[in-house]
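Reviewing the structure listed below.
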Amino acid sequence: MAEQYSTPAKLVLEDGTCFEGWACGAAGESAGEVCFNTSLTGYQEVISDPSYAGQIVTMTYPHIGNYGVNDADLQNDKLFLSGLVVRSMCYTPSNFRATSTLPALLEEAGIVAIEGVDTRELTRHIRDHGAMRAVISTVDLDDQSLLAKARASRSLVGRNLAGEVSHPAVEVFPALDRDGRPSATPRYRVTAVDCGLKRGILRGLQMSGCEVTRVPWDTPAQDILEREPDGVFFSNGPGDPEPVETTYQTVRELVGVKPIFGICLGHQMITLAAGGAIEKLPFGHHGGNQPVMNLRTGVVEITSQNHGFGQVFSSMGPIVPELSGGESSHHDDLRFWSERRIAPVVNNERYGRIQLTHVNLNDGTAEGMAFLDQPVFSVQYHPEASPGPSDASYLFEAFCRLMDGRSDFLDINTTGNRMEREYLSSSSILAKEAR
């Protein structure tokens with residue numbers, strides 16, 4: 001295992017900015033797009049989220065690793081991130097659930113990591129100049145050499161990372177009761193298209209009473225329909241959605257045939273299926289403290305997010321004034337709608353009326369939509385609290401309502417709802433099992 005301050009390491013960004021520190025993971029060198037995550041806790045869930053494939057993650061909280069790691073909190077069997085940057089790494093965690101240390105997990109997984117970096121300075125640099133490619137190394141400490149490697153490394157744009165992280169095998173997961181035990185009588189049978197599915201999201205579906213069949217990202221629509229599911233779920237995943245064409249073509253064939261729910265990359269897949277556009281955000285949303293307003297209810301949710309691309313809502317179609325508070329024009333900053341408590345509706349060429357349901361209150365970007373003429377809805381964030389708050393866990397119950405054919409599926413009281421109580425109960429069960 002790496003020892004504190006024993007091996008020098010460097011992080012060099014493609015604009016020539018250099019950061020020095022010490023190795024705190026595997027020895028070696030790795031390239032990726034550097035981003036920052038603002039979560040105060042949940043570092044293990046962050047690094048095991050397949051949505052970080054191709055990225056070097058900077059944790060803004062200064063002290064990382066203090067409660068160790070354990071198998072129960074891993075969101076995937078494999079770590080896909082390109083590297084980790086921290087201010088101070090803990091080598092001696094104190095927690096009854098810990099079975100190992102974070103540096104040991106990183107080393108075992110072959111993830112290069114660096115500590116001793118001023119993560120506040122790095123975060124401000126990314127905020128000012130945008131996400132960019134970088135190289136992190138413990139074997140090459142020459143600034144110019146690392147700069148050349150950073151500039152020669154692959155961009156996230158144009159890469160089908162979902163195909164790299166998706167599980168290749170079909171697997172069935174049982175519905176769970178409120179005590180987290182397998183249920184013999186599932187409420188629904190759901191097919192989940194895995195573009196980088198987190199275990200927390202999978203468990204969220206199970207805890208809502210769904211038997212879930214996980215299938216690979218490129219599963220044809222006909223194969224999904226042959227399983228006769230009550231609904232189809234499109235998961236979170238990494239990187240640029242544009243190259244994941246097989247998946248959004250599958251969405252296109254399933255709209256109007258089966259109820260559909262999408263999260264994160266799944267939201268973007270539905271956007272592309274509807275003929276909408278995707279943009280690369282300056283530095284993305286990564287963390288467990290993003291405020292989002294549900295425009296239907298006026299409730300503000302604190303959400304967990306991890307994405308560098310987002311929907312351009314104006315590309316979904318022209319505004320329908322009579323369903324949008326009399327407004328007839330699009331606005332680049334969607335906080336226009338949250339300030340007026342209006343959930344605007346557009347007329348989409350392919351699927352009819354589509355409503356903007358959620359808006360990010362930090363930057364005014366789109367965070368959710370619902371089709372009004374088809375059983376489809378999606379959100380850009382992660383509602384299952386792995387890691388982060390559970391304000392949005394009601395969305396799993398909303399999916400169940402959608403499969404029931406209810407038009408008010410999103411109009412759920414987000415305080416103390418059943419899914420939140422059951423999910424928190426399941427977290428307690430995992431802690432007891434680890435003990």
Side-chain angles (χ1 to χ4, degrees), residues 31-33 35 45-57 74-82 131 133 153-171 173 190-202 204-205 212-221 223-224 232-255 260-274 276-281 284-286 304-311 376 378-384 386:
E33 182 179 275
C35 66
E45 291 91 337
V46 168
I47 67 169
S48 58
D49 180 353
S51 296
Y52 277 114
Q55 294 183 292
I56 296 173
V57 181
L74 285 170
Q75 294 301 301
N76 197 278
D77 294 331
K78 194 177 174 186
L79 304 189
F80 290 100
L81 76 166
S82 294
R133 292 169 296 169
S153 64
R154 295 181 66 188
S155 168
L156 290 184
V157 177
R159 292 175 62 184
N160 179 3
L161 289 167
E164 297 179 22
V165 304
S166 177
H167 285 81
V170 175
E171 190 170 357
F173 299 86
V190 170
T191 296
V193 179
D194 177 12
C195 296
L197 180 62
K198 292 164 61 179
R199 284 177 179 162
I201 292 177
L202 172 62
L205 291 167
V212 182
T213 300
R214 184 182 67 195
V215 299
W217 71 279
D218 56 353
T219 302
D223 289 3
I224 292 173
V232 183
F233 172 75
F234 289 87
S235 83
N236 64 292
D240 185 356
E242 291 279 1
V244 196
E245 184 174 0
T246 300
T247 304
Y248 63 79
Q249 289 291 352
T250 296
V251 174
R252 192 168 290 168
E253 294 178 42
L254 292 175
V255 171
I260 293 174
F261 176 29
I263 285 177
C264 198
L265 186 67
H267 169 73
Q268 297 165 10
M269 292 293 98
I270 296 170
T271 296
L272 292 170
I278 299 293
E279 63 180 346
K280 193 175 191 305
L281 302 176
H285 301 156
H286 310 279
S304 177
Q305 305 203 10
N306 177 17
H307 60 101
F309 296 78
Q311 178 195 69
V376 179
S378 59
V379 294
Q380 183 60 75
Y381 50 95
H382 296 195
E384 87 300 338
S386 295

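Every heavy atom of this structure was used, including side-chain atoms; hydrogens, water molecules and symmetry mates were not. Residues take their numbers from the sequence shown, with the count starting at 1. Keep in mind it's a predicted model, so treat the numbers as computed, not measured.
Residues satisfying the side-chain hydrogen bond (donor to acceptor under 3.5 Å, both in side chains) criterion with S51, sequence neighbours excluded, are D49, N236. For E245, the salt bridge (charged side-chain N to carboxylate O under 4.0 Å, His left out) criterion is met by no residue, not counting sequence neighbours. E33 is linked by a salt bridge (charged side-chain N to carboxylate O under 4.0 Å, His left out) to K280, counting only residues two or more places apart in sequence or in another chain. Every residue two or more places apart in sequence or in another chain that forms a side-chain contact (heavy atoms from CB on, under 4.5 Å) with P50 is listed here: N76, F80, V165, K198. R214 pairs by the side-chain hydrogen bond (donor to acceptor under 3.5 Å, both in side chains) definition with E171, not counting sequence neighbours. T271 is linked by a side-chain contact (heavy atoms from CB on, under 4.5 Å) to H267, I278, Q311, M316, M369, counting only residues two or more places apart in sequence or in another chain. Looking at residues two or more places apart in sequence or on another chain, you find no side-chain hydrogen bond (donor to acceptor under 3.5 Å, both in side chains) involving Q55. Partners of R133 by side-chain hydrogen bond (donor to acceptor under 3.5 Å, both in side chains), not counting sequence neighbours, listed by chain and number: E14. Scanning for ring pair (Phe, Tyr, Trp, His ring centres under 6.0 Å) contacts around Y52 gives H286, with sequence neighbours left out. Considering only residues two or more places apart in sequence or on other chains, F261 meets the ring pair (Phe, Tyr, Trp, His ring centres under 6.0 Å) condition with F233, F377, F399.
Considering only heavy atoms from C-beta on, L202 comes within 4.5 Å of V212 through its side chain. By the 4.5 Å heavy-atom criterion applied to side chains, R159 and P243 are not counted as neighbours.
When all heavy atoms are compared, the tightest approach of S386 to G200 is OG-CA, 3.7 Å. When all heavy atoms of L197 and A192 are compared, the pair lying nearest together is CD2-CB, 4.5 Å. The nearest pair of heavy atoms linking Q75 to S48 is N-OG, 2.9 Å. In this structure, V251 and I260 approach most closely via the heavy-atom pair O-CD1, 4.3 Å.
A distance of 8.5 Å separates CG in L265 from CD in Q380, rounded to the nearest 0.5 Å. Rounding to the nearest 0.5 Å gives a distance of 6.5 Å between CG of L81 and CD1 of I47. We find the OH-CG distance between Y381 and N306 to be 15.5 Å, quoted to the nearest 0.5 Å. Summarising the geometry, atom CD1 belonging to I201 is positioned 4.5 Å from atom CD1 belonging to I263; distances are rounded to the nearest 0.5 Å. Atom OG1 in T246 sits 10.0 Å away from atom CE in M269 (nearest 0.5 Å).
Judged purely by atom type and a 3.5 angstrom limit, S82 uses its side chain to pair as donor or acceptor with the backbone of A31. With R252 contributing its side chain and L272 its backbone, the two residues share a donor-acceptor pair below 3.5 Å. Although no hydrogens or angles enter the test, the distance criterion places a donor-acceptor pair under 3.5 Å between the side chain of S235 and the main chain of C195. In this structure, the side chain of T247 engages the main chain of W217 through a donor-acceptor pair within 3.5 Å.
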Query - Audit row: H307, L281, side-chain contact (heavy atoms from CB on, under 4.5 Å) steps and yes/no - result: CA-CA 9 Å; H307 60 101; L281 302 176; 3.7 Å; yes

Report task. Check step by step if side-chain contact (heavy atoms from CB on, under 4.5 Å) holds for L161 and L156. Result -> CA-CA 8 Å; L161 289 167; L156 290 184; 3.6 Å; yes

Query - Y248/E242 under side-chain contact (heavy atoms from CB on, under 4.5 Å): CA gap, chis, key distance, verdict - result: CA-CA 9 Å; Y248 63 79; E242 291 279 1; 4.2 Å; yes

Query - Steps toward side-chain contact (heavy atoms from CB on, under 4.5 Å) verdict (V215, D223) - result: CA-CA 10 Å; V215 299; D223 289 3; over 6 Å; no

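The list of side chain to side chain donor-acceptor pair (under 3.5 Å) pairs with a residue in residues 160-170, not counting sequence neighbours, reads H167-D194.
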